[in-house]
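Before any comments, here is the structure.
Atom set for the values below is all heavy atoms of this structure, side chains included, hydrogens, waters and symmetry mates excluded. Lettering of chains follows the sequences in order, A, B, ..., and the numbering in each one begins at 1.
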There are 2 protein chains.
Amino acid sequence: MTVTSVHDPSHREALWELEDAFERGDLVSLFGRCTVSYEGRAASDLGAGDRLLVLKPDGAALVHTDEGRQPVNWQPPGSEHRAAVREGRLRVRSTRSSPDETLTVRFSGVHQLSAMAVTGGRDLTLHGSEEDLRTRILERPDLVEPGFEPRETERPSSAGPMDIFGVDADGTPVVVELKRRRVGPDAVGQLARYVRALREELGVEASDGETDDETASDGGDDGETDDEETTRDDSPAVRGILVAPSVTDRAAERLADRGFDHVALEPTPSE
Amino acid sequence: MTVTSVHDPSHREALWELEDAFERGDLVSLFGRCTVSYEGRAASDLGAGDRLLVLKPDGAALVHTDEGRQPVNWQPPGSEHRAAVREGRLRVRSTRSSPDETLTVRFSGVHQLSAMAVTGGRDLTLHGSEEDLRTRILERPDLVEPGFEPRETERPSSAGPMDIFGVDADGTPVVVELKRRRVGPDAVGQLARYVRALREELGVEASDGETDDETASDGGDDGETDDEETTRDDSPAVRGILVAPSVTDRAAERLADRGFDHVALEPTPSE
DNA sequence: TGTTCGATCTCGCGT
DNA sequence: ACGCGAGGTCGAACA
């Protein structure tokens with residue numbers, strides 16, 4: 001392995017090593033005391049302190065402190081790194097356009113610099129994702145409910161693609177929204193958008209004329225003495241099912257309001 | 001600065017250095033060829049390759065390849081790092097509980113290891129966030145519309161806290177949802193939840209009974225010849241305003257459906 | 001702790 | 001390029 005490593009280099013030495021590393025397309029790790037400023041989608045300033053600067057050949061730049069999974073400052077891949085010495089101090093600047101963004105790291109001292117050629121080995125195999133949940137359901141549709149028949153995945157609609165479209169035992173259209181983990185109210189809103197879009201698309205099957213949005217399936221959770229028949233009549237034109245390991249209370253409320261169902265299921269079989 | 005740095009150490013040397021670094025609470029940067037496996041909320045495997053492993057004293061672990069802003073594998077802060085040599089090879093394992101998660105990095109070769117004491121210097125000043133947008137509006141409410149009067153921020157509701165609650169020139173209650181950047185349909189759904197919650201809370205001021213729900217009150221974008229009066233009558237009991245630099249087409253549709261307004265505004269004044 | 005929502009989210013896919 | 005949704009999202013504020 002070609003690893004370059006310098007300990008307590010001068011600012012100029014660090015500059016040379018950096019330029020060489022950029023030239024070679026190396027992954028760079030740089031310990032030093034620095035200030036950081038960023039301007040672009042937002043703007044930020046970070047006072048002097050010891051940090052780890054990581055520079056990737058794809059243009060990504062990361063400034064890490066001693067805490068957190070997230071870099072305190074960064075620049076996305078596709079940026080261009082440049083290094084210079086200004087007033088005797090090493091300055092690393094990473095810029096990109098659209099949107100215009102600049103990250104500037106000014107060093108008062110460079111403690112350690114390493115660079116290494118790193119390529120490939122990025123192919124991660126991941127299990128337990130939403131896709132696994134989908135696969136699991138397509139293989140065993142009865143996990144959703146007996147008689148459920150998936151018809152299409154990623155089915156397009158005016159509200160975007162729905163995870164699974166199918167029909168239940170009665171032949172009623174069903175929209176299934178998948179989540180790999182416990183979900184909040186937002187997921188219900190997402191499901192609602194798809195159901196609404198599908199209801200519009202399939203035409204209003206309600207007995208009484210147009211409107212389905214207006215009368216729309218709510219009837220109150222607040223003990224409304226609404227005619228159950230009306231709701232029963234038009235609402236089930238399209239059903240909505242949220243498949244997730246669990247839901248929050250508020251999500252459950254919203255599901256109930258909409259007349260949607262929740263099916264508790266995990267991406268991978270338990271144990 | 002106390003920086004430890006070893007070039008091409010043996011596996012045992014690397015182990016000693018790592019243990020010392022953990023002891024000192026150092027931030028560690030480690031280049032080497034390794035495989036990575038993870039098991040916890042999900043599970044993953046990564047074949048052999050050269051990578052950069054970063055170990056933080058707060059328990060965070062990051063495995064970086066030559067591409068991407070995101071680590072290919074990681075462990076969140078609060079984990080515990082342990083190093084060992086198994087079958088002559090360095091193995092670094094980071095674990096945490098609740099949820100139970102384990103990241104294991106097995107090295108076939110260590111190319112470079114550096115460690116440095118890094119503390120503090122984490123106080124970032126950031127401008128251009130949603131909070132800045134809120135501040136801007138509270139200082140100049142007319143930016144939302146003439147006569148707008150903010151009454152409360154983070155006002156609680158059954159659907160969660162709304163960004164800004166206020167009244168318009170007519171004294172009509174207004175819910176304002178803030179976004180620092182261009183938004184899609186989800187933001188409209190969020191605003192709708194707050195408006196709905198507030199309408200329920202304030203009591204239905206609509207002339208005719210219950211009904212208003214998310215699905216409800218849309219009146220079709222599909223050229224519905226719905227009675228405009230009905231909607232006009234009950235809908236304005238509470239207004240909804242989405243403040244964001246811009247909105248997508250679909251978001252605009254949904255805003256129109258709901259009778260909500262969009263005000264184009266950025267977190268910080270242009271230029 | 002659990003829930004909710006913002007984020008310079010990032011990332012991938014599709015139009 | 002933009003739009004849209006997933007993510008082992010992370011992180012913070014609050015109940």
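The stretch residues 60-78 of chain B touches DNA chain C through B:Gly68, B:Arg69, B:Gln70, each having a heavy atom under 4.0 angstrom from the strand.
The CZ atom of A:Arg254 sits 10.0 Å away from the OG1 atom of A:Thr248 when rounded to the nearest 0.5 Å.
Contacts of A:Glu101 with the nucleic acid, taken as non-hydrogen atoms under 4.0 Å apart, include base atoms.
For the pair B:Arg41 CZ and D:dG8 C1', the computed distance is 4 Å after rounding to whole Å. The CG-P distance, from A:Asp58 to C:dG12, rounds to 11 Å in whole Å. Rounded to whole Å, the distance from CG on B:Leu191 to P on C:dC5 is 12 Å. When rounded to the nearest whole Å, the span between CG of A:Leu126 and P of D:dG7 equals 8 Å. D:dG8 atom P lies 11 Å from atom CG of A:Asp132, rounded to whole Å. Taking atom NE2 of residue A:His127 and atom P of nucleotide D:dG7, one finds them 15 Å apart after rounding to whole Å. Following rounding to the nearest Å, A:Met162 (CE) and C:dC13 (P) show an atom-to-atom distance of 22 Å. The distance from atom CD of A:Glu154 to atom C1' of D:dG3 is 15 Å, rounded to the nearest whole Å.
In this model, no donor atom of one side chain and acceptor atom of the other lie less than 3.5 Å apart for A:Asp100 and A:Ser97. For the residue pair B:Arg82 and B:Ser94, no side-chain donor N or O sits within less than 3.5 Å of a side-chain acceptor on the partner. In summary, the side chains of B:Thr153 and B:Asp163 do not present any donor paired with an acceptor at a separation below 3.5 Å, with no hydrogens or angles considered. In summary, the side chains of B:Thr104 and B:Arg93 do present a donor paired with an acceptor at a separation below 3.5 Å, with no hydrogens or angles considered. No donor-acceptor contact under 3.5 angstrom links the side chains of B:Lys56 and B:His81, judged on distance only.
Legend: residues meeting salt bridge (charged side-chain N to carboxylate O under 4.0 Å, His left out) with A:Asp66, ordered by chain and number and at least two apart, are B:Arg122.
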| task | Start with the C-alpha gap between B:Glu201 and B:Arg155, add the side-chain angles, then the distance that decides, and say whether salt bridge (charged side-chain N to carboxylate O under 4.0 Å, His left out) holds. | result | CA-CA 12 Å; B:Glu201 180 182 325; B:Arg155 183 190 186 284; 2.6 Å; yes
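Across the C1' atoms, D:dG11 and D:dG7 are found 14 Å apart, a figure rounded to whole Å. Between C:dA7 and D:dA6, the distance separating the two C1' atoms is 15 Å to the nearest Å.
Residues A:Val247 and B:Gly128 each lie close to DNA chain C; by heavy-atom proximity, the contact nearer the 5' end of the strand is made by A:Val247.
Counting heavy atoms from C-beta outward, B:Tyr38 and A:Leu124 have side chains that stay 4.5 Å or more apart.
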At a cut-off of 3.5 Å, list every protein nitrogen or oxygen paired with a nitrogen or oxygen from nucleotides 4-6 of chain D, distance to 0.1 Å.
| residue | atom | partner | partner atom | Å |
| --- | --- | --- | --- | --- |
| D:dC4 | OP1 | B:Arg250 | NE | 3.2 |
| D:dC4 | OP2 | B:Thr248 | OG1 | 2.9 |
| D:dG5 | OP1 | A:Ala159 | O | 3.3 |
| D:dG5 | OP1 | A:Arg193 | NH2 | 3.3 |
| D:dG5 | OP1 | A:Tyr194 | OH | 3.1 |
| D:dG5 | OP2 | A:Arg193 | NH2 | 3.2 |
| D:dA6 | OP1 | A:Glu177 | OE2 | 3.0 |
| D:dA6 | OP1 | A:Lys179 | NZ | 2.9 |
| D:dA6 | OP1 | A:Gln190 | NE2 | 3.2 |
| D:dA6 | OP2 | A:Lys179 | NZ | 2.8 |

